[in-house]
Amino acid sequence: MSLRSHLLTATALIALPVLAHAGDLSFAPVPFAADDAAKRAVVATDKVTIDGKDFPIAYHLLARTGDKIGDGTFALLTDAKGNPVKSADGSEHISVDADFTSLIRKGDKLYSITHFESRPGSMYISELARDADGNLTPVSTKPVNFSAFGGLWVPCAGSVTPWETHLGSEEYPADAREIEAATALDQIDDYDFPMVRYQGLDPAKMTLDEFRAAYNPYRYGFPTEITVSDAGDAMAAKHFSMGRVAVELANVMPDQKTAYISDDGTNVGLFRFVADKAGDLSAGTLYAAKWVQTSDEGVGAATLEWIDLGHADDATVQAAIEKGVKFSDLFETADLNEDGSCAEGFAASNAEGRAECLKVKPGMEMLASRLETRRYASMMGATTEFRKMEGSTYDADKHALYLAMSEVSKGMEDGGKQDKGGRNDIRVAKNACGAVYQLSLDDSFTATSMKGLVAGIPMTKEQEEKAADPSCDPAHNMCGDAAKVNTCDINGIANPDNITYMPGYNTLIIGEDTGEGHQNDAIWALNTDSGKLTRILSTPYGSETTSAYWYPNVDGHGYLMAVVQHPYGESDEDKLADPADARAYVGYIGPFPALDK
């Protein structure tokens, strides 16, 4: 069965009850990276046991950033005219920030599409060759053209739609209010500046007026969709109707209409989009979640209510952006009163890193909901207190959605300063190691409740004392130096990010994006029934694991995608001995036998 057939079959089976007899699957564990050699390596599980039978698997590299593949240079950033983007030193900019990588079937050919989480961002489409054993090799690569949208901004995680297109993202869009109000460049977050290279501008030499002419903040912060043509060309779209937030990823449910959009950062929201038509994300209604807390134990639990943010379509929103709509066209503003309230006619918002009072100007509700989605949701009563919301995945066995929260902190804590301007809906204890939540879904794929499934375990004083004990066993505990660089228990997760589910086998795959939590980021397999965690991949110093994504059957083989982003780039920069070692790894664990049971 092809990947497309599998996805369509999964859609047809959504009404069936939970599987009564799940298959049994387990991985050979990967040890904790305890020495310098292990901390510099990509180490993957070498065996999977499925229903009692062992299968050899390994980590297979598709490419490293900067590789020449056919006529293309993988990960070379390009501008609006297709010319190489230059780094500050004048060299061509090869991104090491590889992120989500999809597998897409088109006819008898197989392609991968890879995000590069840069400014300007980039995507590359690569044609893959396959041998009889299912091993994959790239034979060509070329960038995806986003010039119709003013370029691509910080693409992060992603998913594959049930109709087999690549659904991408744009993370951390700029604060349009700040940019409009600025009277000098130093009043604007310089994180935004490198994007002007897409228009051929040198950020080191630009003026404020040149910056504004080259950079419209409302062009960025949306889900993106890539459709592959019969000729192998990648056609890009941005779904302005789905709202503008720090999109970690958009994830379409098997009904082909409902999509969950996770929002990364501090004081963010959870969003649900319902398309007008199945298989078409260009128009629909957007909703934002309100957390109604039922428990403060662990990382908390709540029922979810959904605030209707209204209907929109891509074309109308894009037309307004290109006409130059500004923040001041959407809102009147006022400061909060001393008691935290707003003047009559204004509504409070604690989104976008500030407490503010806003009033939507007449007739601008639709555009406000799509261009200032988080602010508008907060004004309407939705919860914008989540901290570090990351990936999501659908579990067809339990009809549930899993959602990673890299940290449980700040606005999620009771009475934190980030609650000013909000309602303090979430009131739980801080967990800097993060958690994965389980969301129950009804028959319409609407999430009705949310509770913790698995959480990281911060180091305790007792563990620190045990680590200092000469009799400490490094096979099972953090000992000596390991305790100084790992603030989360090494036998548990730290700062979960990308997640994916293996249907039929009660197995949730969890990738980490952690700095102090674990010195070496890992990918884990969690048995959702027993709670057993198995480390299945360990990455080099300073890396982030990205693109954990499961394909149960691509022409007779299964693949678990796994990308190693920016080795030595997030921490431990001093450990880098050879600049070539800093290139990202794009690859997969497998091949597995087909597992579309």
Side-chain angles (χ1 to χ4, degrees), residues 77-81 83-89 93 95-97 99 115-123 146-157 168-224 238 240 243-248 263-268 317-318 320-322 324-331 333 349 351-354 356 370-375 388 565-566 569-570:
L77 300 187
T78 55
D79 65 16
K81 297 179 179 179
N83 299 318
V85 165
K86 299 298 180 65
S87 300
D89 63 2
H93 190 143
S95 176
V96 297
D97 295 315
D99 208 291
H115 292 174
F116 293 94
E117 195 176 2
S118 302
R119 291 154 289 144
S122 185
M123 289 190 196
F146 275 87
S147 60
F149 306 100
L152 178 67
W153 166 268
V154 195
C156 190
S169 59
E170 293 184 302
E171 197 174 46
Y172 303 137
D175 186 342
R177 180 179 180 179
E178 174 188 83
I179 290 175
E180 184 180 353
T183 57
L185 280 171
D186 62 8
Q187 296 170 10
I188 298 172
D189 189 343
D190 61 8
Y191 181 85
D192 306 329
F193 293 170
M195 186 66 194
V196 302
R197 297 179 297 170
Y198 189 76
Q199 303 297 347
L201 192 62
D202 183 347
K205 300 177 181 178
M206 68 186 178
T207 65
L208 176 60
D209 287 342
E210 288 173 332
F211 170 73
R212 285 185 172 136
Y215 182 74
N216 179 346
Y218 283 145
R219 282 176 164 172
Y220 314 109
F222 301 96
T224 62
K238 284 192 183 184
F240 304 98
R244 178 179 174 268
V245 295
V247 181
E248 175 73 16
D263 184 13
D264 196 357
T266 301
N267 280 48
V268 299
V317 179
Q318 184 181 17
I321 293 170
E322 296 309 317
V325 66
K326 301 184 298 296
F327 178 88
S328 60
D329 297 324
L330 304 175
F331 296 104
T333 64
S349 167
E352 305 305 327
R354 68 169 86 193
E356 54 193 346
R370 290 333 196 253
L371 299 182
E372 293 289 351
T373 303
R374 197 185 294 144
R375 280 182 163 113
K388 290 300 291 175
Q565 188 181 96
H566 55 57
E570 195 168 67

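Between W153 and Y191, the ring planes lie perpendicular to each other; the angle is over 60°, past the 30° to 60° tilted range.
Between the side chain of D264 and the main chain of V247, no donor-acceptor pair closer than 3.5 Å is present. R177 places no side-chain N or O within 3.5 Å of a backbone atom of E352 that could act as its donor or acceptor partner. Proximity of a side-chain donor or acceptor of S87 to a complementary backbone N or O of D89 within less than 3.5 Å is not detected.
Between the CG atom of L371 and the OH atom of Y218 there is a distance of 6.0 Å, given to the nearest 0.5 Å. Note that OG of S118 and CG of D97 are 4.5 Å apart. Values are rounded to the nearest 0.5 Å. Note that CD of Q318 is 9.5 Å distant from CZ of F222, once rounded to the nearest 0.5 Å. Here the straight-line distance linking atom CZ of R374 with atom CZ of R244 works out to 9.0 Å at 0.5 Å rounding. Separation of atoms SG (C156) and NE2 (H115) is listed at 9.0 Å; rounding is to 0.5 Å. Distance CD/E570 to CD/Q565: 7.5 Å, rounded to 0.5 Å.
Between R197 and D79, no side-chain nitrogen of the basic residue sits less than 4.0 Å from a carboxylate oxygen of the acidic one, so the salt-bridge criterion is not met. A salt bridge links E170 to K238: one of the charged nitrogens lies within less than 4.0 Å of a carboxylate oxygen.
Side-chain contact check for T224 versus F146: some heavy-atom pair is nearer than 4.5 Å. Two residues are said to be in side-chain contact when any heavy atoms from C-beta on lie closer than 4.5 Å; D192 and D175 fail this criterion. Proximity of R370 to F240: side-chain heavy atoms (C-beta onward) are nowhere separated by under 4.5 Å. A heavy-atom distance below 4.5 Å is not found between the side chains of T78 and N83.
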| query | Would R119 and V154 count as a side chain to side chain contact (heavy atoms under 4.5 Å, CB included) if you check the C-alpha gap in whole Å, the side-chain angles of each, and the deciding distance to 0.1 Å? | reply | CA-CA 6 Å; R119 291 154 289 144; V154 195; 3.4 Å; yes

| query | Going through the checks in order, is the side chain to side chain contact (heavy atoms under 4.5 Å, CB included) test met by D263 and T373? | reply | CA-CA 11 Å; D263 184 13; T373 303; over 6 Å; no

| task | Check the pair E178 / Q187 against side chain to side chain contact (heavy atoms under 4.5 Å, CB included), numbers first and verdict last. | result | CA-CA 8 Å; E178 174 188 83; Q187 296 170 10; 6.0 Å; no

| Trace of the side chain to side chain contact (heavy atoms under 4.5 Å, CB included) decision for L185 with F211 | CA-CA 8 Å; L185 280 171; F211 170 73; 3.9 Å; yes

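Residues Y215 and Y198 keep their aromatic ring centres 6.0 Å or farther apart.
When only modelled atom types and interatomic distance are considered, E356 and T333 share no side-chain donor-acceptor pair under 3.5 Å.
The two residues M206 and V196 have their closest heavy-atom pair at SD-CG2, 3.8 Å. Nearest heavy-atom pair, A80 versus S147, reported as atom, atom and distance to 0.1 Å: O-CB, 4.0 Å. Scanning both residues, V325 and L330, for their nearest heavy atoms gives CG2-CD2, 4.0 Å. Residues L152 and M195 share a closest heavy-atom pair of O-CE, 3.4 Å. Pairing each heavy atom of E372 with each of A176, the nearest pair is OE2-CB, 3.7 Å. Looking at every heavy atom in both residues, S169 comes nearest to E248 through OG-O, 3.3 Å.
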